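Written out below as C-alpha coordinates is the structure these notes cover.
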There are 2 protein chains.
Amino acid sequence: MNSEFIIAVHSLVLLAHRPDGMASSEEIAANVCTHPARIRKVLGCLRKAGFVSTREGSGGGYRICSEPSEVTLADVYRAMAAGSLMPSWCSGNPEMDCMVGSNMQDVMNSVFCGAERQLENYFAGITIGQMLTRIKERQMA
Amino acid sequence: MNSEFIIAVHSLVLLAHRPDGMASSEEIAANVCTHPARIRKVLGCLRKAGFVSTREGSGGGYRICSEPSEVTLADVYRAMAAGSLMPSWCSGNPEMDCMVGSNMQDVMNSVFCGAERQLENYFAGITIGQMLTRIKERQMA
DNA sequence: GATTACTGTAATAATATCAATTACAGTTGA
DNA sequence: TCAACTGTAATTGATATTATTACAGTAATC
(Lines give C-alpha, C1' and ligand atoms only; values in the text may rest on other atoms or scores of the structure.)
Protein backbone atom coordinates (compact mmCIF):
# COMPACT_ATOMS: atom_id res chain seq x y z
CA MET A 1 0.00 0.00 0.00
CA ASN A 2 1.06 3.43 -1.01
CA SER A 3 1.62 6.12 1.61
CA GLU A 4 0.43 8.71 -0.90
CA PHE A 5 -3.02 7.34 -0.23
CA ILE A 6 -2.63 8.32 3.41
CA ILE A 7 -1.41 11.78 2.47
CA ALA A 8 -4.32 12.25 0.08
CA VAL A 9 -6.91 11.21 2.65
CA HIS A 10 -5.32 13.33 5.35
CA SER A 11 -5.22 16.38 3.08
CA LEU A 12 -8.86 16.01 2.08
CA VAL A 13 -9.94 15.62 5.69
CA LEU A 14 -7.97 18.71 6.64
CA LEU A 15 -9.52 20.73 3.82
CA ALA A 16 -12.97 19.48 4.76
CA HIS A 17 -12.36 20.66 8.29
CA ARG A 18 -11.42 24.19 7.21
CA PRO A 19 -14.40 26.56 7.19
CA ASP A 20 -13.44 27.84 3.74
CA GLY A 21 -12.16 24.45 2.56
CA MET A 22 -8.78 25.93 1.69
CA ALA A 23 -5.12 25.57 2.59
CA SER A 24 -1.71 26.07 1.00
CA SER A 25 0.76 23.25 0.42
CA GLU A 26 2.86 24.59 3.26
CA GLU A 27 -0.02 24.48 5.75
CA ILE A 28 -1.04 21.00 4.68
CA ALA A 29 2.56 19.77 4.80
CA ALA A 30 2.94 21.00 8.38
CA ASN A 31 -0.20 19.14 9.37
CA VAL A 32 0.64 15.92 7.52
CA CYS A 33 4.31 16.12 8.56
CA THR A 34 6.01 16.01 5.22
CA HIS A 35 7.53 18.32 2.63
CA PRO A 36 5.37 20.88 0.77
CA ALA A 37 6.68 19.62 -2.58
CA ARG A 38 5.30 16.21 -1.79
CA ILE A 39 1.93 17.68 -0.93
CA ARG A 40 1.87 19.53 -4.23
CA LYS A 41 2.55 16.30 -6.07
CA VAL A 42 -0.18 14.38 -4.28
CA LEU A 43 -2.73 17.17 -4.53
CA GLY A 44 -1.93 17.53 -8.19
CA CYS A 45 -3.32 14.01 -8.57
CA LEU A 46 -6.38 14.90 -6.53
CA ARG A 47 -6.93 17.90 -8.79
CA LYS A 48 -6.74 15.72 -11.91
CA ALA A 49 -9.23 13.38 -10.27
CA GLY A 50 -11.54 16.32 -9.59
CA PHE A 51 -11.54 16.29 -5.79
CA VAL A 52 -9.80 19.62 -5.29
CA SER A 53 -9.29 22.77 -7.29
CA THR A 54 -6.09 24.75 -7.15
CA ARG A 55 -5.24 28.38 -7.58
CA GLU A 56 -1.69 29.39 -8.35
CA GLY A 57 -0.20 32.71 -7.40
CA SER A 58 -0.45 34.82 -4.29
CA GLY A 59 -3.27 33.88 -1.95
CA GLY A 60 -3.65 30.64 -3.88
CA GLY A 61 -3.62 27.07 -2.66
CA TYR A 62 -5.94 24.09 -2.63
CA ARG A 63 -9.69 23.99 -2.11
CA ILE A 64 -11.84 20.94 -1.75
CA CYS A 65 -14.45 21.03 -4.50
CA SER A 66 -16.40 17.91 -3.71
CA GLU A 67 -18.80 17.01 -0.93
CA PRO A 68 -16.87 15.33 1.93
CA SER A 69 -19.90 13.14 2.50
CA GLU A 70 -19.78 11.91 -1.08
CA VAL A 71 -16.07 11.22 -1.57
CA THR A 72 -15.14 7.76 -0.36
CA LEU A 73 -11.77 6.29 0.43
CA ALA A 74 -12.34 4.00 -2.55
CA ASP A 75 -12.39 7.04 -4.83
CA VAL A 76 -9.13 8.22 -3.33
CA TYR A 77 -7.65 4.74 -3.52
CA ARG A 78 -8.45 4.45 -7.20
CA ALA A 79 -6.90 7.84 -7.89
CA MET A 80 -3.75 7.33 -5.85
CA ALA A 81 -2.94 3.71 -5.26
CA ALA A 82 -4.83 1.41 -7.61
CA GLY A 83 -2.99 -1.89 -7.99
CA SER A 84 -0.64 -1.28 -5.09
CA LEU A 85 -1.81 -4.27 -3.07
CA MET A 86 0.17 -6.89 -4.97
CA PRO A 87 3.90 -6.85 -4.30
CA SER A 88 6.06 -6.00 -7.28
CA TRP A 89 8.13 -9.10 -6.68
CA CYS A 90 6.81 -12.15 -8.52
CA SER A 91 7.37 -15.83 -7.96
CA GLY A 92 7.60 -18.42 -10.71
CA ASN A 93 8.15 -17.83 -14.40
CA PRO A 94 5.73 -18.44 -17.28
CA GLU A 95 8.58 -19.84 -19.38
CA MET A 96 9.41 -22.71 -17.08
CA ASP A 97 8.55 -26.32 -17.52
CA CYS A 98 6.75 -27.05 -14.26
CA MET A 99 3.00 -26.59 -14.23
CA VAL A 100 3.07 -24.92 -10.82
CA GLY A 101 5.96 -22.59 -11.49
CA SER A 102 4.75 -21.53 -14.91
CA ASN A 103 1.17 -20.72 -13.93
CA MET A 104 1.66 -19.25 -10.49
CA GLN A 105 2.07 -15.64 -11.61
CA ASP A 106 -1.27 -15.61 -13.38
CA VAL A 107 -3.14 -17.33 -10.59
CA MET A 108 -1.56 -15.09 -7.96
CA ASN A 109 -2.49 -12.13 -10.06
CA SER A 110 -6.13 -13.10 -10.12
CA VAL A 111 -6.06 -13.66 -6.36
CA PHE A 112 -4.75 -10.16 -5.79
CA CYS A 113 -7.22 -8.64 -8.23
CA GLY A 114 -9.99 -10.14 -6.15
CA ALA A 115 -8.36 -8.89 -2.97
CA GLU A 116 -8.18 -5.42 -4.42
CA ARG A 117 -11.87 -5.45 -5.26
CA GLN A 118 -12.61 -6.55 -1.73
CA LEU A 119 -10.51 -3.74 -0.36
CA GLU A 120 -12.14 -1.13 -2.58
CA ASN A 121 -15.50 -2.39 -1.46
CA TYR A 122 -14.53 -1.76 2.14
CA PHE A 123 -13.10 1.67 1.37
CA ALA A 124 -16.30 2.53 -0.51
CA GLY A 125 -18.10 2.44 2.82
CA ILE A 126 -15.97 5.19 4.38
CA THR A 127 -16.30 8.83 3.32
CA ILE A 128 -14.02 11.78 4.00
CA GLY A 129 -16.86 13.23 6.07
CA GLN A 130 -16.95 10.11 8.22
CA MET A 131 -13.20 10.31 8.73
CA LEU A 132 -13.65 13.83 10.06
CA THR A 133 -16.47 12.67 12.31
CA ARG A 134 -14.32 9.87 13.70
CA ILE A 135 -11.58 12.39 14.45
CA LYS A 136 -14.01 14.67 16.25
CA GLU A 137 -15.33 11.77 18.30
CA ARG A 138 -11.84 10.77 19.27
CA GLN A 139 -11.07 14.34 20.23
CA MET A 140 -14.09 14.40 22.59
CA ALA A 141 -13.12 11.15 24.29
CA MET B 1 2.05 -6.47 1.19
CA ASN B 2 4.91 -8.78 1.86
CA SER B 3 6.35 -10.89 -0.93
CA GLU B 4 7.13 -13.60 1.61
CA PHE B 5 3.41 -14.30 1.58
CA ILE B 6 3.69 -15.11 -2.12
CA ILE B 7 6.69 -17.33 -1.55
CA ALA B 8 4.89 -19.16 1.25
CA VAL B 9 1.78 -19.79 -0.83
CA HIS B 10 3.81 -20.87 -3.85
CA SER B 11 5.86 -23.27 -1.76
CA LEU B 12 2.81 -24.83 -0.17
CA VAL B 13 1.13 -25.27 -3.54
CA LEU B 14 4.26 -26.87 -4.93
CA LEU B 15 4.50 -29.28 -1.99
CA ALA B 16 0.81 -30.09 -2.32
CA HIS B 17 1.40 -30.93 -5.94
CA ARG B 18 4.22 -33.37 -5.20
CA PRO B 19 3.01 -36.96 -4.80
CA ASP B 20 5.04 -37.37 -1.60
CA GLY B 21 4.47 -33.76 -0.49
CA MET B 22 8.22 -33.18 -0.25
CA ALA B 23 10.92 -30.95 -1.70
CA SER B 24 14.28 -29.48 -0.69
CA SER B 25 14.92 -25.76 -0.38
CA GLU B 26 16.92 -25.91 -3.58
CA GLU B 27 14.10 -27.46 -5.57
CA ILE B 28 11.56 -25.02 -4.18
CA ALA B 29 13.87 -22.07 -4.82
CA ALA B 30 14.28 -23.08 -8.45
CA ASN B 31 10.52 -23.22 -8.87
CA VAL B 32 9.80 -19.98 -7.04
CA CYS B 33 12.78 -18.24 -8.65
CA THR B 34 14.67 -17.09 -5.62
CA HIS B 35 17.57 -18.12 -3.43
CA PRO B 36 17.44 -21.34 -1.33
CA ALA B 37 18.38 -19.40 1.80
CA ARG B 38 15.28 -17.28 1.38
CA ILE B 39 13.14 -20.36 1.03
CA ARG B 40 14.60 -21.81 4.20
CA LYS B 41 13.72 -18.63 6.05
CA VAL B 42 10.14 -18.54 4.79
CA LEU B 43 9.55 -22.24 5.32
CA GLY B 44 10.99 -21.94 8.79
CA CYS B 45 8.01 -19.69 9.55
CA LEU B 46 5.62 -22.18 7.99
CA ARG B 47 7.12 -24.88 10.17
CA LYS B 48 6.61 -22.79 13.31
CA ALA B 49 3.04 -22.22 12.18
CA GLY B 50 2.60 -25.96 11.74
CA PHE B 51 1.96 -26.12 8.01
CA VAL B 52 5.10 -28.04 7.09
CA SER B 53 7.52 -30.34 8.83
CA THR B 54 11.21 -30.30 8.10
CA ARG B 55 13.93 -32.86 8.22
CA GLU B 56 17.53 -31.83 8.39
CA GLY B 57 20.39 -33.89 7.06
CA SER B 58 20.83 -35.93 3.98
CA GLY B 59 17.63 -36.72 2.11
CA GLY B 60 15.87 -34.12 4.22
CA GLY B 61 13.78 -31.16 3.16
CA TYR B 62 10.27 -29.90 3.64
CA ARG B 63 7.01 -31.81 3.74
CA ILE B 64 3.54 -30.39 3.86
CA CYS B 65 1.86 -31.73 6.99
CA SER B 66 -1.55 -30.17 6.66
CA GLU B 67 -4.46 -30.82 4.33
CA PRO B 68 -4.20 -28.53 1.28
CA SER B 69 -7.97 -28.30 1.30
CA GLU B 70 -7.97 -27.02 4.85
CA VAL B 71 -5.16 -24.46 4.79
CA THR B 72 -6.45 -21.09 3.62
CA LEU B 73 -4.53 -18.09 2.36
CA ALA B 74 -5.76 -16.32 5.49
CA ASP B 75 -3.83 -18.81 7.60
CA VAL B 76 -0.72 -18.14 5.55
CA TYR B 77 -1.31 -14.40 5.66
CA ARG B 78 -1.55 -14.40 9.43
CA ALA B 79 1.65 -16.42 9.72
CA MET B 80 3.68 -14.40 7.22
CA ALA B 81 2.34 -10.94 6.67
CA ALA B 82 -0.09 -9.90 9.39
CA GLY B 83 -0.26 -6.12 9.63
CA SER B 84 1.56 -5.50 6.39
CA LEU B 85 -1.32 -3.71 4.71
CA MET B 86 -0.78 -0.36 6.40
CA PRO B 87 2.24 1.56 5.10
CA SER B 88 4.95 2.12 7.67
CA TRP B 89 4.96 5.82 6.90
CA CYS B 90 2.57 7.77 9.09
CA SER B 91 0.99 11.17 8.59
CA GLY B 92 0.24 13.60 11.41
CA ASN B 93 1.59 13.56 14.93
CA PRO B 94 -0.28 12.91 18.18
CA GLU B 95 1.67 15.72 19.86
CA MET B 96 0.47 18.47 17.59
CA ASP B 97 -2.11 21.08 18.34
CA CYS B 98 -4.51 20.61 15.46
CA MET B 99 -7.40 18.21 15.99
CA VAL B 100 -6.98 16.69 12.55
CA GLY B 101 -3.20 16.29 12.65
CA SER B 102 -3.14 14.90 16.16
CA ASN B 103 -5.83 12.25 15.72
CA MET B 104 -5.18 11.13 12.17
CA GLN B 105 -2.75 8.33 13.05
CA ASP B 106 -5.22 6.62 15.33
CA VAL B 107 -8.13 6.95 12.95
CA MET B 108 -6.07 5.79 9.99
CA ASN B 109 -4.94 2.87 12.06
CA SER B 110 -8.48 1.76 12.76
CA VAL B 111 -9.31 2.11 9.07
CA PHE B 112 -6.45 -0.19 8.13
CA CYS B 113 -7.32 -2.68 10.85
CA GLY B 114 -10.76 -2.96 9.32
CA ALA B 115 -9.24 -3.30 5.86
CA GLU B 116 -7.02 -6.08 7.08
CA ARG B 117 -9.98 -7.97 8.53
CA GLN B 118 -11.74 -7.59 5.21
CA LEU B 119 -8.71 -8.91 3.39
CA GLU B 120 -8.32 -11.89 5.71
CA ASN B 121 -11.95 -12.65 5.20
CA TYR B 122 -11.40 -12.82 1.46
CA PHE B 123 -8.27 -14.95 1.84
CA ALA B 124 -10.16 -17.27 4.16
CA GLY B 125 -12.23 -18.31 1.16
CA ILE B 126 -9.23 -19.57 -0.82
CA THR B 127 -7.39 -22.77 0.11
CA ILE B 128 -4.04 -24.09 -1.06
CA GLY B 129 -5.95 -26.92 -2.70
CA GLN B 130 -8.03 -24.45 -4.67
CA MET B 131 -4.89 -22.64 -5.78
CA LEU B 132 -3.60 -25.91 -7.19
CA THR B 133 -6.93 -26.52 -8.91
CA ARG B 134 -6.83 -23.09 -10.50
CA ILE B 135 -3.34 -23.80 -11.76
CA LYS B 136 -4.44 -27.11 -13.25
CA GLU B 137 -7.40 -25.43 -14.94
CA ARG B 138 -5.17 -22.80 -16.41
CA GLN B 139 -2.80 -25.48 -17.66
CA MET B 140 -5.66 -27.23 -19.49
CA ALA B 141 -6.83 -24.03 -21.18
C1' DG C 1 5.28 46.84 -13.44
C1' DA C 2 7.61 45.15 -9.50
C1' DT C 3 7.06 42.40 -5.57
C1' DT C 4 5.27 38.74 -3.02
C1' DA C 5 3.13 34.38 -2.41
C1' DC C 6 1.71 30.77 -4.37
C1' DT C 7 1.58 26.05 -7.67
C1' DG C 8 3.87 22.67 -11.02
C1' DT C 9 7.49 19.87 -11.93
C1' DA C 10 11.87 17.81 -12.31
C1' DA C 11 16.29 16.59 -10.59
C1' DT C 12 19.09 15.14 -6.93
C1' DA C 13 20.37 13.42 -2.46
C1' DA C 14 19.50 10.79 1.67
C1' DT C 15 17.45 6.95 3.72
C1' DA C 16 15.07 2.77 4.27
C1' DT C 17 13.59 -1.58 2.61
C1' DC C 18 14.07 -5.70 0.14
C1' DA C 19 16.41 -9.53 -2.05
C1' DA C 20 20.60 -12.10 -3.19
C1' DT C 21 24.53 -14.03 -1.68
C1' DT C 22 27.91 -15.97 1.30
C1' DA C 23 29.26 -18.51 5.17
C1' DC C 24 29.17 -21.82 8.43
C1' DA C 25 27.45 -24.57 12.35
C1' DG C 26 24.39 -28.35 13.18
C1' DT C 27 21.83 -32.70 11.64
C1' DT C 28 21.05 -37.01 9.45
C1' DG C 29 21.42 -40.93 6.21
C1' DA C 30 24.44 -43.95 3.78
C1' DT D 1 33.41 -40.16 7.62
C1' DC D 2 31.30 -38.15 3.76
C1' DA D 3 27.57 -36.03 1.36
C1' DA D 4 23.33 -33.70 1.45
C1' DC D 5 20.51 -31.35 3.84
C1' DT D 6 18.36 -27.29 7.29
C1' DG D 7 18.93 -23.06 10.42
C1' DT D 8 20.57 -18.70 10.87
C1' DA D 9 23.10 -14.56 10.65
C1' DA D 10 25.94 -11.28 8.34
C1' DT D 11 27.06 -8.79 4.25
C1' DT D 12 26.40 -6.90 -0.05
C1' DG D 13 23.78 -5.13 -3.77
C1' DA D 14 19.56 -3.41 -5.75
C1' DT D 15 15.43 -0.94 -5.50
C1' DA D 16 11.97 2.03 -3.60
C1' DT D 17 10.75 5.76 -0.81
C1' DT D 18 11.07 10.28 1.09
C1' DA D 19 13.23 14.79 1.65
C1' DT D 20 15.24 18.54 -0.34
C1' DT D 21 16.50 21.88 -3.69
C1' DA D 22 15.67 24.59 -7.60
C1' DC D 23 13.32 27.23 -10.65
C1' DA D 24 9.79 28.39 -14.14
C1' DG D 25 5.05 29.91 -14.33
C1' DT D 26 0.90 32.38 -12.35
C1' DA D 27 -1.88 35.63 -9.92
C1' DA D 28 -2.96 39.17 -6.40
C1' DT D 29 -1.58 43.52 -4.52
C1' DC D 30 0.83 47.61 -3.89
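Being a predicted model, the structure only gives us computed values, none of them experimental.
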May I have the list of side-chain donor-acceptor pairs in residues 3-11 of chain A shorter than 3.5 Å, sequence neighbours left out?
| from | atom 1 | to | atom 2 | distance (Å) |
| --- | --- | --- | --- | --- |
| A:Ser3 | OG | A:Arg38 | NH2 | 3.0 |
| A:Glu4 | OE2 | A:Lys41 | NZ | 3.2 |
| A:His10 | ND1 | B:Ser91 | OG | 2.7 |
| A:His10 | NE2 | A:Asn31 | OD1 | 2.8 |
| A:Ser11 | OG | A:Ile7 | O | 2.8 |

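Among residue pairs with one or both ends in residues 13-43 of chain B, none qualify as ring-ring contact (aromatic ring centres under 6.0 Å, His included); sequence neighbours excluded. Among residues at least two apart or in separate chains, there is no ring-ring contact (aromatic ring centres under 6.0 Å, His included) pair with a member in residues 36-70 of chain A. Under the side chain to side chain donor-acceptor pair (under 3.5 Å) criterion, the residue pairs touching residues 111-127 of chain B are B:Tyr77-B:Glu116, B:Arg78-B:Glu120, with sequence neighbours excluded. For residues 55-65 of chain A, no residue pair satisfies the salt bridge (Lys or Arg N to Asp or Glu O under 4.0 Å) rule, not counting sequence neighbours.
Within 6.0 Å of CG in B:Asp20 there are more than 12 heavy atoms belonging to other residues, nucleotides or ligands. By the 6.0 Å contact criterion, CD on A:Glu26 is open, its count of non-hydrogen atoms from other residues, nucleotides or ligands being 12 or less.
Side-chain heavy atoms closer than 4.5 Å link hydrophobic residues (I, L, V, M, F, W, Y) into clusters, and following such links, even through other members, never connects A:Met22 to A:Val32. No path of Ile, Leu, Val, Met, Phe, Trp and Tyr side chains, each step under 4.5 Å between heavy atoms, connects B:Met96 with A:Leu15, placing them in separate hydrophobic clusters. Following chains of ILVMFWY side-chain contacts shorter than 4.5 Å, one can reach B:Met99 starting from B:Met104, so the two form part of one hydrophobic cluster.
B:Asp106 meets the side-chain hydrogen bond (donor to acceptor under 3.5 Å, both in side chains) test with A:Arg138; sequence neighbours excluded. For B:Ser110, the side-chain hydrogen bond (donor to acceptor under 3.5 Å, both in side chains) partners two or more places apart in sequence, or in a different chain, are A:Arg134.
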Criterion side chain to side chain contact (heavy atoms under 4.5 Å, CB included) on B:Ser102 and A:Gln139, from CA distance to verdict: CA-CA 9 Å; B:Ser102 64; A:Gln139 182 75 9; 4.3 Å; yes
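Chain A approaches DNA chain D over the interval D:dT18 to D:dA28, counting the first and last nucleotide 5' to 3' with an atom under 4.0 Å from its heavy atoms.
For the segment residues 9-24 of chain B, no residue has any heavy atom less than 4.0 angstrom from an atom of DNA chain C. Of all the residues in residues 34-45 of chain B, B:Thr34, B:His35, B:Ala37, B:Arg38, B:Arg40 reach under 4.0 Å from DNA chain C with at least one non-hydrogen atom.
Of the candidates A:Leu43, A:Val52, A:Ile28, A:Leu132, A:Val52 is the only one forming a side-chain contact (heavy atoms from CB on, under 4.5 Å) with A:Leu12.
The distance from atom CH2 of B:Trp89 to atom C1' of C:dC18 is 21 Å, rounded to the nearest whole Å. Rounded to an integer number of Å, the gap from CD1 of B:Ile7 to C1' of C:dA20 is 11 Å. Rounded to an integer number of Å, the gap from CG of B:Asn2 to C1' of C:dC18 is 10 Å.
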Please list, pair by pair, any protein nitrogen or oxygen found under 3.5 Å from a nitrogen or oxygen in nucleotides 28-30 of chain C.
| from | atom 1 | to | atom 2 | distance (Å) |
| --- | --- | --- | --- | --- |
| C:dT28 | O2 | B:Ser58 | N | 2.9 |

Please list each protein N or O that sits under 3.5 Å from an N or O in nucleotides 15-17 of chain C, with the distance.
none

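Between B:Asp75 atom CG and B:Glu70 atom CD the span is 10.0 Å, to the nearest 0.5 Å.
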